[in-house]
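Both ligands and their constituent atoms are indexed starting at 1 by order of listing. Reckoned from all heavy atoms, side chains included, excluding hydrogens, waters and symmetry mates.
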Amino acid sequence: MELFKTKKELKEYLKEKKDAGMTIGFVPTMGALHDGHLSLFREAKDENDLVVASIFVNPTQFNSKSDLEKYPRTPEADLKKLEGEGCDVVFHPSNEEMYPEPDTTEFDFGGLDEVMEGKYRPGHFKGVASVVKKLFEIVEPHRAYFGLKDYQQLLIIHKMVKDFNIPVELVPCPIVREKNGLAMSSRNELLSKSERKQASLIYKTLKFVKVQAGFQPIHELKNHVEREFKRKNMKLEYFEIVDLFTLEPLTTWLGSKNVIACIAVYVGNVRLIDNIILFS
Ligand code: PAF
């Protein structure tokens, strides 16, 4: 496995491979790798000649300094896992390498950034889009792999790729869950044993919502979810039932064909997100 810290060296290496006709699959990450990430590598490995992973905790997508500071960082363990998965290339740049000067690119996400994560984490998606755009320009992958847990992020990256005509195929990958249903996330590392147990309520609730979808009125279902988290002393930041493509909140099931339910909950001090597709 090759490890690069500079854009220049990585670009030179990849140019040779592309000139030789190899296809490049890319998995951008912020490290603290878990089985969810590893499933992205496996898919990338199946579909491409060469797999590139990046490990970069992107400061511009954190809207709180303490969240950035406490984000788990396990670079040695990450490199071992990647090697074990047969990853070919790792890009692990410094902040200065990625942001020699502040990024001034303007993005228009067409309102996709105004709800849910965008509403509660102002500036988050601008940070995500700017780092992913930079990474795409450096790696120039044929395909890039993203987990569906961050569904809103995936839609926003899709819009950015379209707007900037970036020639990459985005490959959405299924959410990988722990035994108790908790969606795998680097942030799960920050949960205590009992919080991990508590957090199973998130997926349990989403599954209940899926069973009720189309039958119980949306406002009643939302009230029910709010009550459930309150009862268990967990802070529900949002629970929304939205259109799968526009992310506009729905108030009725009538005429709704593509629908997803998205949730953000604090378990202790750890903020977790999850979602479930209700109709598509
Ligand atoms: O999903 C993530 O881990 C990050 O948002 C990403 C896409 C690697 C950008 O920093």
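Note on D88 versus K45: salt bridge recorded, some NZ/NE/NH1/NH2 to OD/OE distance being below 4.0 Å. Electrostatic pairing of E12 and K15 does not count as a salt bridge here, judged by no charged N lying under 4.0 Å from a carboxylate O.
Among protein heavy atoms, atom 1 (O) of ligand 1 sits closest to Q153 NE2, 2.9 Å. Scanning the protein heavy atoms around atom 9 (C) of ligand 1, the nearest turns out to be Q61 OE1, 3.3 Å. Protein heavy atom closest to atom 3 (O) of ligand 1, with residue, atom name and distance, is M30 CG, 3.8 Å.
Ring centroids of Y145 and F26 are separated by 6.0 Å or more, keeping the two rings apart.
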side-chain contact (heavy atoms from CB on, under 4.5 Å) assessment of E195 paired with Q198: CA-CA 5 Å; E195 287 171 338; Q198 247 192 313; 4.1 Å; yes
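Residue-ligand proximity, V131 to ligand 1, at heavy-atom distances under 4.0 Å covers atoms 9 (C), 10 (O). Contact atoms of ligand 1 toward T29: 8 (C) (distance under 4.0 Å to a heavy atom of the residue).
In plain terms, the two heavy atoms of R143 and N48 that are nearest each other are NH1-OD1, 2.7 Å.
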